[in-house]
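So the structure is just underneath, and the comments pick up after that.
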Amino acid sequence: MLSSIVKVHPKGFSLVELLVSLAIAGVIMTGVVKIAFNAKRSSYDGEQLSFVQDNARFVLDEMKRDLRMAGYTGCASTDSALQANVVSNSMGGFIDLGIKLDGFEYNDPRISEVYAADMLENTDSFLVRYADASREMTVRSHNVSAGELSVWQEVDFARGDTMLVTDSSCREIGLFQITKDSENTTEVSHAAEGALNCSRVVRATMSNVDCSICAIDQCGANSEVPYTSGSSIAPYKINAYYIGESAVIPRLPALKRLALSSADGSAATEIEEVAVGVEDMQLVYGIDSDADGEANRYVASSAVVDWGEVVGMRMTLVFRSDREVYSQDQDVSITLNGETYQLSSDKSMRQVITTAVRVRNN
């Protein structure tokens, strides 16, 4: 008996089935690509947002710390203490003992020429002056004829550093520059030297002292009188904040700080780049006109008559991403104090932050 053998030939995909499969695969791949693109886009946006917000936190912390120290001179107050400022070169008014907080609008003629040309157009700036409490030292003795203040611990200061000394009575303060490097010693020299100090008289006991009336050992009615044991001495800090073009990332704005320092035996300034991506700073100042410690009104710097009445500052800062984020140009503006400021006409991300800070300023 013969059995029949049936051969079965496997069938392939038909053209219709192939087209359907390709269409399904295309839909799936489109979804996968879209998810991947959105994930990458979300990560990129998050990175830029983090950059902007981290910048904002850091910048506000730095400036608030300085602002809250404005006018600190140990236990004394410049509003009531007798002052002796024997610094010969004020660097065009940059080194000053009387004004502790000062603000400027763009093109203000009072802006230090050291940074005026570096400022971005239509931005504000401000500076603060105070004794550095973190490096404050106690005076052990004072040899006026030698022009030396002795402290209890070894110090490391350079010739030309600007210092502030406050008497233990809290009634006299003196500003001078160190005339001798004081590395690994307990002596701080304030000798009379034309390029640094006009006089050894750094304690005013009868009237305020300045270089216009000074001789080496006599300043008007004030002769050489030592600071008493227990007085304090600290580096004098001056920081000016402004917006300029970044030196780190070209064509980006940055918050910069002009700081008082010393170089080659004399006072100097150095520019520090605090944060890249700070595009604008607009400032108004709280005026205490009735001496109750609270701001009665906020005004622009040009309207401040007496900087001693300033008890607060309101800052509006604009932070931007360091790269483009949006697919289309943004047209963003804000209104401050009745004036409209154009923030952007590009694809960058921006964040506007306004905050108020109470200041010591006395």
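In this text, all values refer to a predicted model and were calculated from it rather than measured experimentally.
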Does a salt bridge link D264 with R159, judged by any charged N lying under 4.0 Å from a carboxylate O? no
Any F157 side-chain heavy atom under 4.5 Å of T162 side chain: no
Looking at residues at least two apart in the chain, or sitting in another chain, which of them share a side-chain hydrogen bond (donor to acceptor under 3.5 Å, both in side chains) with E62? R65, R257
Euclidean distance, L120 CG relative to D118 CG, rounded to 0.5 Å: 7.5 Å
Closer than 3.5 angstrom, by distance alone: can the side chain of S262 be matched with the main-chain N or O of G160 as a donor-acceptor pair? no
Check the side chains of D132 and Y72 for a donor-acceptor pair under 3.5 angstrom, ignoring hydrogens and angles. no
Check: Q177 main-chain N/O paired with N197 side-chain donor or acceptor under 3.5 Å: yes
S229 versus S168, closest heavy-atom pair with distance: O-OG, 3.8 Å
Over 12 foreign heavy atoms within 6.0 Å of CD1, I216: no
Taking the two cysteines C198 and C214, do their sulfur (SG) atoms come closer than 2.5 angstrom to each other? no
Quick check: do N85 and V209 have side-chain heavy atoms less than 4.5 Å from each other? no
Check whether any side-chain heavy atom of L283 lies under 4.5 Å from a side-chain heavy atom of Y298, and answer yes or no. no
Set out, in order, the CA-CA distance, both residues' side-chain angles and the distance that settles side chain to side chain contact (heavy atoms under 4.5 Å, CB included) for V155 and M137, then state yes or no. CA-CA 9 Å; V155 296; M137 299 158 292; 3.1 Å; yes
Less than 4.5 Å apart, any side-chain heavy atom of D288 and any of D290? yes
Would you say S88's side chain and G194's backbone share a donor-acceptor pair under 3.5 angstrom? yes
Do V202 and L97 land in one hydrophobic cluster if side-chain heavy atoms of ILVMFWY residues count as linked below 4.5 Å? no
Cluster overlap V311 with V304, hydrophobic side-chain contacts below 4.5 Å: no
Could you check whether any side-chain heavy atom of D167 comes within less than 4.5 Å of a side-chain heavy atom of I173, counting everything from C-beta outward? no
Any link between M313 and V274 through a network of hydrophobic side chains (Ile, Leu, Val, Met, Phe, Trp, Tyr) touching at under 4.5 Å? yes
Checking Q53 against N55: is there a side-chain donor and acceptor pair closer than 3.5 Å? no
Would you confirm whether D181, through its side chain, and A158, through its main-chain N or O, come within 3.5 Å as a donor-acceptor pair? no
By ring pair (Phe, Tyr, Trp, His ring centres under 6.0 Å) - contacts of F126 (at least two apart): Y241
Do you know which two heavy atoms are closest between G286 and A295, and how far apart they sit? CA-CB, 3.7 Å
For R68 and R358, work out which heavy atoms get closest and say how close. CG-O, 3.8 Å
Distance alone, cut at 3.5 Å: any donor-acceptor contact between the side chains of S302 and E105? yes
Which value, rounded to the nearest 0.5 Å, describes the distance between D96 atom CG and D102 atom CG? 8.5 Å
Is I238 linked to M91 within one hydrophobic cluster, defined over Ile, Leu, Val, Met, Phe, Trp and Tyr using a side-chain heavy-atom separation of less than 4.5 Å? yes
Flag the pair V284 / R297 as yes when at least one side-chain heavy-atom distance between them is below 4.5 Å, and no otherwise. no
Would you kindly say whether E154 and T186 are connected by a side-chain donor-acceptor distance under 3.5 Å? no
Rounded to the nearest 0.5 Å, the SG atom of C219 sits from the CG atom of N208 at a distance of 11.5 Å
Taken to the nearest 0.5 Å, the spacing of I178 CD1 from L196 CG works out to 10.0 Å
Side chain to side chain contact (heavy atoms under 4.5 Å, CB included) assessment of V128 paired with M69: CA-CA 8 Å; V128 291; M69 290 300 296; over 6 Å; no
Please find the pair of heavy atoms, one from S189 and one from T179, that lie closest to each other, and give the distance. OG-OG1, 2.6 Å
Kindly work out whether a path of hydrophobic side-chain contacts (I/L/V/M/F/W/Y, heavy atoms less than 4.5 Å apart) joins L175 to V86. no
Quick one, M315 with V357, criterion side chain to side chain contact (heavy atoms under 4.5 Å, CB included). Give me CA distance, side-chain angles, the key distance, then yes/no. CA-CA 8 Å; M315 306 182 288; V357 184; 3.8 Å; yes
Check step by step if side chain to side chain contact (heavy atoms under 4.5 Å, CB included) holds for K64 and T355. CA-CA 10 Å; K64 285 180 178 180; T355 185; 3.5 Å; yes
Determine which pairs satisfy ring-ring contact (aromatic ring centres under 6.0 Å, His included) with at least one residue from residues 93-116, sequence neighbours left out, and list them in order. Y115-Y242
What are the two closest heavy atoms between W152 and T138, and how far apart are they? CD1-O, 3.4 Å
Any salt bridge linking E279 with R350? Criterion: basic side-chain nitrogen under 4.0 Å from a carboxylate oxygen. yes
Is there a donor-acceptor pair closer than 3.5 Å between any side-chain N or O of Q218 and the backbone N or O of G220? yes
Rounded to the nearest 0.5 Å, how far does CG of L258 lie from CE of M119? 12.0 Å
Find out whether T166 and C75 are in side-chain contact, i.e. whether some heavy atom of one side chain is under 4.5 Å from a heavy atom of the other. yes
Between N239 and A259, which heavy-atom pair has the shortest distance, and what is it? OD1-CB, 3.4 Å
Note, I243 side chain near D280 side chain (heavy atom, < 4.5 Å): no
Looking at E272, I'd like to know if its CD atom is crowded, meaning that more than 12 non-hydrogen atoms belonging to other residues, nucleotides or ligands lie closer than 6.0 Å. yes
Value for CG (L255) from CG (L317), rounded to nearest 0.5 Å, stands at 7.5 Å
Inspect the contact between E193 and K180 and indicate whether a charged nitrogen and a carboxylate oxygen are less than 4.0 angstrom apart. no
